[in-house]
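Keep in mind that the numbers below use all heavy atoms, side chains included, and drop hydrogens, waters and symmetry copies.
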Amino acid sequence: MSEQRDYRDTVFLPKTDFPMKAGLPQKEPGILARWQEIGLYDKLREERAGREKFILHDGPPYANGDMHIGHALNRILKDMVVRSQTLLGKDAPFVPGWDCHGLPIEWKVEEQYRKAKRDKKEVPPKEFRAECRAYAQGWVDVQRGQLKRLGLMADFDHPYLTMQFESEATIVSELMKFVEAGNLYRGSKPVMWSPVEETALAEAEVEYEDIVSTQIDVAFEIVECPNVPELVGAHAVIWTTTPWTIPVNQAIAYGPEVEYQIFTFPLDRRKYLIARPLMDACLERLQMVNIFPSEGSAEAFRRARGTVIKGSDLAGTVARHPMHHLGGFYAAPRPFLPGDFVTTDSGTGLVHMAPDHGEDDFELCKANGLEPVFAVMDDGRYRDDWPWLGGNDERRRSVINKPFNAPEGPICSDLREAGALLAASDDYQHSYPHSWRSKAKVIFRCTPQWFVPMDRPLDVGDFDVAVPEGFGAAIALFTSKDHSTLREIALREIDRVEFFPPKGQNRLRSMVEGRPDWVLSRQRAWGVPITLFVRPDGSYLQDPAVNARVVAAIAKEGVDAWDESRKAEFLGLDHDPADYEMVTDILDVWFDSGCTHAFTLEGDRWPDQRWPADLYLEGSDQHRGWFQSSLLESSATRGRAPYDAVLTHGFTMDARGKKMSKSLGNTIDPLKVMQEYGADIIRLWALSVDFTEDHRIGDEILKGVGDQYRKLRNTFRYMLGALDGYVGDLSDTTEIPELELYVLSLLADLDAKMRQAVEEYDYNTYTRLLVDFCNEDLSAFFFDIRKDRLYCDGADDPQRNAYRAVLDILFHALVRYAAPVLVFTAEEVWQTRYPEDGEQGGSVHLLDWPSIPQVGVDTERWAQLRTLRDRVMEAIEPLRRDKTIRSGLEADVVVPAALVPDGFTDAQLAELFITASVTRGDSDAVTVTRTTDHKCGRCWRLLPEVTEDGALCARCEDVVTQMDAAT
RNA sequence: GGGCCGGUAGCUCAGUUGGUUAGAGCGCACCCCUGAUAAGGGUGAGGUCGGAGGUUCAAAUCCUCCUCGGCCCA
């Protein structure tokens with residue numbers, strides 16, 4: 001045998017500079033810098049100008065703290081929306097936003113004061129707000145940098161902030177739409193109040209501590225009882241741990257389903273009404289258990305426990321206040337009211353109601369026409385004109401003062417004197433809210449607040465809205481003519497809007513159906529003022545000219561413009577400043593964010609935006625939040641939702657499905673993930689999971705995502721290598737093998753599915769389709785089969801060209817499909833293939849959705865072929881195992897003739913199965929034997945024509961001869 | 001405590017209106033290749049479909065309860 005020639009140099013191996021290893025953390029920042037340099041976002045706007053628009057309106061995250069994994073998911077999904085819609089050819093400008101006002105920022109600034117030992121009360125409000133503003137701006141800048149790193153396609157140079165003066169002015173002018181239409185009223189509701197700081201507190205500002213309180217049992221004499229006459233003259237026993245609320249008692253609540261019993265105290269024959277299950281515990285407090293003589297005590301006791309009645313029998317019952325002799329407020333009847341909240345867990349089953357100081361009390365009393373009396377002042381004392389323990393009483397103290405409530409304190413003493421105090425002891429342990437700041441006890445206290453009514457017919461002239469294209473009829477329906485209530489309009493809109501996933505619709509609907517009136521006011525500093533001029537009776541000025549002056553001032557100077565010193569200026573000549581007070585409350589921040597559509601989509605700050613948005617996209621918690629505040633705001637002012645569709649995502653859990661928390665130490669920091677794996681990996685993760693539900697992230701998951709990434713990357717690398725130097729296209733080749741046509745039909749099929757996935761915002765399907773296609777149809781099938789042709793056919797062989805033409809089509813399709821997901825890698829792939837495009841400021845992200853040639857192929861026939869192929873692989877395996885053969889190329893295969901689809905030759909089958917030969921037999925089984933043919937020294941196929949191992953087959957002989965001749 | 005939502009192989013996901021032996025990709029194990037090479041190919045093992053009842057000829061799919069987890073409220 002002669003010396004064998006090494007044919008390696010004659011084989012056309014893939015050639016590319018595209019590295020297998022990505023090194024994303026190092027590479028991505030450079031790609032970002034280049035995008036910045038070529039002004040990619042603006043360039044895209046220019047190129048898409050005039051196209052159909054797609055507006056995704058950004059829900060503003062709070063400008064406080066670093067980006068966390070939830071932000072990352074949210075932003076990646078939004079970016080996928082923007083990019084995939086862009087890819088479809090639309091113009092999808094995206095303005096990122098931030099929520100900047102509100103309590104958490106106030107706290108942070110206060111915290112800085114504490115560290116500097118500064119008293120907040122000493123700081124002028126303007127200065128305080130300036131610091132809040134600076135603080136928010138600081139975090140906006142930090143988060144903006146972090147978000148950019150994710151590779152988002154957004155107008156980062158022009159974000160919206162709720163604290164920009166223009167935004168603040170728009171929020172005020174939106175509020176004024178409510179004001180001018182009369183869709184705002186002053187009411188009240190109990191809030192947490194700190195008498196020490198003389199301010200309202202949010203739930204998050206209180207902490208619960210165990211304390212010991214005075215518990216008292218108080219008798220209210222029943223004066224009327226239509227259903228149980230026996231009760232007239234009896235005493236209803238109430239129990240409370242806040243004696244100071246007795247002076248503002250207005251009613252007594254009972255449980256309609258609770259059983260009550262009338263107990264007759266043997267010594268004075270007085271009758272008491274107590275819930276039956278609580279009788280023993282109550283009598284023990286009242287020390288009425290041991291008064292019976294030891295003998296026969298049980299019998300006497302039983303006799304003393306008289307008639308049992310049902311709570312509902314108490315309807316219409318009226319008692320009188322123990323201090324009724326004081327007259328006035330105290331002389332009014334104290335009705336018994338049915339309360340679902342009454343339980344028999346503790347107390348007496350009869351609950352004294354002080355609507356000023358409890359939520360249940362407030363709601364129940366309100367429903368029965370009993371209004372709060374505002375007896376307790378800001379500092380926690382009863383007001384000067386209050387008849388009991390008010391101004392003239394030297395015993396007056398803050399109501400939460402301990403001695404004030406003590407068994408020997410003024411309340412208990414007076415009740416005792418009135419014969420109403422049945423028991424009092426300073427021994428009740430419970431947990432009670434305290435101010436997080438001062439550590440002092442807080443109280444519930446009714447405070448005047450501003451409300452938007454949900455169920456009052458809206459009486460507006462015309463909705464001030466530019467009717468968007470295609471919605472003329474819808475808008476006309478909702479103008480002033482029908483006088484719907486805000487709730488009705490909102491519910492109608494919920495039915496119209498499209499929800500992804502659909503369950504979001506029910507969730508939002510049930511919340512809007514059940515929600516109370518919208519409380520707009522907050523007793524705070526850092527926010528947009530409720531710019532109202534109020535008369536003493538609670539009515540307010542509705543003068544568009546005044547409002548216009550206020551709005552103009554805020555647009556120029558921000559919220560600081562709302563200042564007492566400007567009162568006369570704003571009111572102008574038509575109104576006497578003495579008639580009005582300026583409201584000092586600020587707006588609920590949900591109102592701010594409910595207005596983002598107004599100052600971002602409308603107006604000319606972002607001319608490429610338009611109202612309404614096509615889509616709002618946030619976490620499912622925003623059904624309670626932004627989805628709803630935006631809906632209500634827009635429904636009240638414009639008669640429709642500011643969006644046509646709502647997409648919601650779930651929450652990101654740790655690897656075990658538990659929620660992440662700093663205290664548990666199971667958080668995943670997206671910034672670290674980007675440092676370690678790269679932004680493309682975290683993007684691929686976000687777009688692989690079912691984001692509509694809660695989903696997980698963890699090391700194992702990220703590792704899996706990394707594996708998927710590598711597969712995609714290597715698919716591109718192979719295509720880049722195989723397409724090295726290729727400049728033709730499909731039209732250059734006259735002869736297209738059916739396999740190529742089949743792959744094109746697979747691609748067309750994939751394309752349709754990808755497109756559908758985009759339209760349904762079904763991104764995990766989108767990425768799964770892409771990955772599966774690369775794995776199954778390309779890498780393991782098409783590329784594997786065509787490896788021989790690519791490597792060994794003549795450089796300009798028409799069939800080789802046909803393969804490369806299809807590869808080229810695949811490349812252009814896949815790089816576009818991948819672009820919205822792997823934004824960096826797709827760019828790297830594109831620039832590797834077309835460096836000249838890069839030099840001219842091009843980018844993969846400027847491209848449109850690919851157009852796939854439609855070919856006619858009998859795919860069913862090919863499906864059968866692939867099933868047969870699987871069977872052949874299976875049959876080859878045992879021979880591999882026992883080392884009869886090493887590769888499939890050494891196998892002569894006999895397949896059942898009946899299983900071969902029509903129209904394939906044996907030679908084609910051998911090519912498709914990558915075996916030495918395929919013949920057909922009558923047997924049902926696939927049989928495999930080792931071929932006796934020799935291995936071609938160049939293409940390594942085993943063929944009959946090869947005379948000895950290492951000699952050339954006919955095809956390779958031709959190719960090598962030509963190459964040799966050329967050199 | 002209440003309302004709503006969810007639990008399918010180690011991981012990420014498919015499973016139409018209830019209908020054969022519950023699928024895919026990845027990972028894993030084993031094997032091949034060494035001309036996509038920190039790549040590529042093949043085969044295989046993995047699941048009481050969260051649990052228990054029930055409806056039905058038939059249940060991952062419908063009903064009830066339980067459990068675990070989540071969001072929003074209280």
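Comparing B/G18 with B/C63, their C1' atoms are spaced 13 Å from each other, to the whole Å. Nucleotides B/C73 and B/U16 have their P atoms positioned 34 Å apart, rounded to a whole Å. When the P atom is used for both B/G10 and B/C49, the distance is 13 Å, rounded to whole Å. Taking atom C1' on both B/A52 and B/A14, the two are 27 Å apart, rounded to the nearest angstrom. Nucleotides B/G42 and B/G25 place their P atoms 10 Å apart, quoted to the nearest Å. The gap from the P atom of B/G47 to that of B/C11 amounts to 13 Å, rounded to the nearest Å. Using atom P as the reference point in both B/C62 and B/C72, the two lie 27 Å apart (nearest Å).
Residue A/Phe651 is classed as a sugar-phosphate contact, given heavy-atom separations below 4.0 Å to backbone atoms only. Looking at heavy-atom distances under 4.0 Å, A/Arg938 makes contact with a base. Within 4.0 Å of A/Lys883, counting heavy atoms only, lie sugar-phosphate atoms of the nucleic acid but no base atom. As judged by a 4.0 angstrom heavy-atom cut-off over every strand, A/Ser510 is placed among residues making no nucleic acid contact. Residue A/Phe783 is classed as a base contact, given a heavy-atom separation below 4.0 Å to a base. Within 4.0 Å of A/Gly657, counting heavy atoms only, lie sugar-phosphate atoms of the nucleic acid but no base atom. When heavy atoms are screened at a 4.0 angstrom cut-off, A/Val11 is found touching base atoms of the nucleic acid. Across all strands, A/Glu693 comes closer than 4.0 Å only to sugar-phosphate atoms, never to a base (heavy-atom distances). Among the heavy atoms of the strands lying under 4.0 Å from A/Lys711 are primed sugar atoms or P, OP1, OP2 only; no base atom is included. At the heavy-atom level, A/Asp621 lies under 4.0 Å from the strands shown only through sugar-phosphate atoms. Residue contacts shown for A/Arg768 are limited to sugar-phosphate atoms, with no base heavy atom under 4.0 Å away.
With ring centers used as reference points, A/His357 lies 6.0 Å or more from A/Trp193.
Atom CG of A/Asp724 is separated from atom C1' of B/G35 by 15 Å (rounded to the nearest Å). Computed from coordinates, the A/His695 NE2 to B/C11 C1' distance equals 15 Å when rounded to whole Å. Distance A/Trp590 CH2 to B/C72 C1': 12 Å, rounded to the nearest Å. Spacing between atom NZ of A/Lys753 and atom C1' of B/A24 amounts to 12 Å, rounded to whole angstrom units. Rounded to whole Å, the distance from CZ on A/Arg656 to P on B/G70 is 10 Å. The distance from atom CD of A/Gln708 to atom C1' of B/C26 is 6 Å, rounded to the nearest whole Å. At whole-Å resolution of the value, CZ in A/Phe782 and P in B/G41 are 15 Å apart. Atom CE in A/Met20 sits roughly 13 Å away from atom C1' in B/U34 (whole-Å rounding).
Nearest nucleotide to the A/Lys503 side chain, out of B/A36, B/C5, B/C73: B/C5.
Pairing for B/C57 goes to B/G19, judged as Watson-Crick or G-U wobble with the two contacts each under 3.5 Å. Base pairing analysis places B/C65 opposite B/G51; the two distances defining the Watson-Crick or G-U wobble pair are each below 3.5 Å. With a cut-off of 3.5 Å on both Watson-Crick or G-U wobble distances, the partner of B/A9 is given as none. In a base pair of the Watson-Crick type (N1 to N3 plus N6-O4 or O6-N4) or a G-U wobble (N1-O2 and O6-N3), with each distance short of 3.5 Å, B/C71 is matched with B/G3. Summarising the base pairing, B/U43 is matched to B/A29 through a Watson-Crick or G-U wobble pair whose two defining distances lie under 3.5 Å.
Using a 4.0 Å cut-off between charged side-chain N and carboxylate O, A/Arg522 and A/Asp588 make a salt bridge. Taking a cutoff of 4.0 Å between a charged side-chain nitrogen and a carboxylate oxygen, A/Arg833 and A/Asp808 qualify as a salt bridge. Salt bridge A/Glu513/A/Arg487: absent, no basic N to carboxylate O contact under 4.0 Å. Under a 4.0 Å N-O distance rule, the pair A/Arg5/A/Asp964 qualifies as a salt bridge.
Side-chain to base pairing of A/Arg624 with B/C73: no donor and acceptor N or O lie closer than 3.5 Å to each other. Put simply, the side chain of A/Arg881 and the base of B/C30 share a donor and an acceptor less than 3.5 Å apart.
Rounded to the nearest 0.5 angstrom, A/Cys936 SG and A/Leu942 CG are separated by 9.5 Å.
Where stacking is scored as ring centres under 5.5 Å apart with planes under 30°, A/Trp940 registers as stacked on the base of B/G35.
Proximity of a side-chain donor or acceptor of A/Asn764 to a complementary backbone N or O of A/Leu687 within less than 3.5 Å is not detected.
Both tests pass for A/Arg713 against the ring of A/Phe18: distance under 6.0 Å to the centre and angle within 45° of the axis.
With its glycosidic angle within 90° of 0, B/G46 is assigned syn.
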